[in-house]
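Here, residue 1 is the first one in the sequence, and each next residue gets the next number. The structure displayed is predicted, hence computed values, not measured ones.
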Amino acid sequence: MNHNLKLPYEMIYDERLQIRRPILHVDYDELAVDVQAEFELLCQQVCACIPEQIKCFEIEYLQTFDSLKEVEDERLFFAINEQLNDLSSRISDLNILFLHIEGSFVSHSVHS
């Protein structure tokens with residue numbers, strides 16, 4: 001008996017994006033119908049969290065951007081720009097994740 005059986009998917013917490021996200025370890029079509037439905041529900045729950053997380057990052061971006069007005073030190077200016085770039089990247093990655101989940105998994109249940 002193999003006690004190390006790996007589940008076909010898992011939910012992991014993505015520290016960078018600050019959300020839980022689904023990771024599929026097999027092709028979607030290999031999942032049993034009931035497992036597909038379970039996975040799709042988890043994907044929909046993730047999608048429901050993404051807009052709020054984007055909004056949080058956008059608020060942080062705007063606050064960070066506003067802090068540039070008072071910066072006179074060149075090194076601090078570049079450090080803040082790095083923060084802005086990182087926040088932009090996170091927002092972009094969340095949008096891509098949302099579109100990927102919506103296009104790949106949520107649409108399965110909608111069109112079934």
Report whether L41 and V26 are members of the same hydrophobic cluster (ILVMFWY, side-chain heavy atoms less than 4.5 Å apart, transitive linking).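 Unlinked, L41 and V26 end up in two clusters.
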
Do you know the tightest heavy-atom contact between L94 and Q53? CD1-CG, 3.7 Å

What are the two closest heavy atoms between P51 and A48, and how far apart are they?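 Between these two residues, the closest heavy atoms are CD-O, 3.7 Å.
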
Just verifying a value: how many Å separate [X] [atom1] and [Y] [atom2], rounded to the nearest 0.5 Å?
X    : Y   : atom1 : atom2 : answer
H100 : N95 : NE2   : CG    : 14.5 Å
I80  : L68 : CD1   : CG    : 5.0 Å
F39  : L31 : CZ    : CG    : 7.5 Å

Which residues pass the side chain to side chain contact (heavy atoms under 4.5 Å, CB included) test with [X], sequence neighbours left out?
X   : result
A32 : D34, V35
S92 : I96
C49 : none

Suppose we screen for salt bridge (charged side-chain N to carboxylate O under 4.0 Å, His left out). Which residues come up paired with D66, at least two apart in sequence or across chains?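 D66: salt bridge (charged side-chain N to carboxylate O under 4.0 Å, His left out) contacts with K69.
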
Candidate list I59, L62, T64, test side chain to side chain contact (heavy atoms under 4.5 Å, CB included), partner L87, passing option: T64

Excluding sequence neighbours, so at least two apart, what forms side chain to side chain donor-acceptor pair (under 3.5 Å) with [X]?
X   : value
E60 : none
E58 : none
Y9  : E38

For residues 72-87, which residue pairs qualify under side chain to side chain donor-acceptor pair (under 3.5 Å), counting only residues two or more places apart or in two chains? D86-R90

Counterpart residues, ring-ring contact (aromatic ring centres under 6.0 Å, His included), relative to F98 (two or more places apart):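 Scan of F98 (ring-ring contact (aromatic ring centres under 6.0 Å, His included), adjacent residues dropped) gives none.
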
Please list, one pair per line, the donor and acceptor atoms closer than 3.5 Å that link side chains of residues 16-23 to other protein atoms, with sequence neighbours excluded.
from	atom 1	to	atom 2	distance (Å)
R16	NH1	D93	OD2	2.7
R16	NH2	S89	OG	2.6
R16	NH2	D93	OD2	3.1
R21	NH1	D14	OD2	3.0

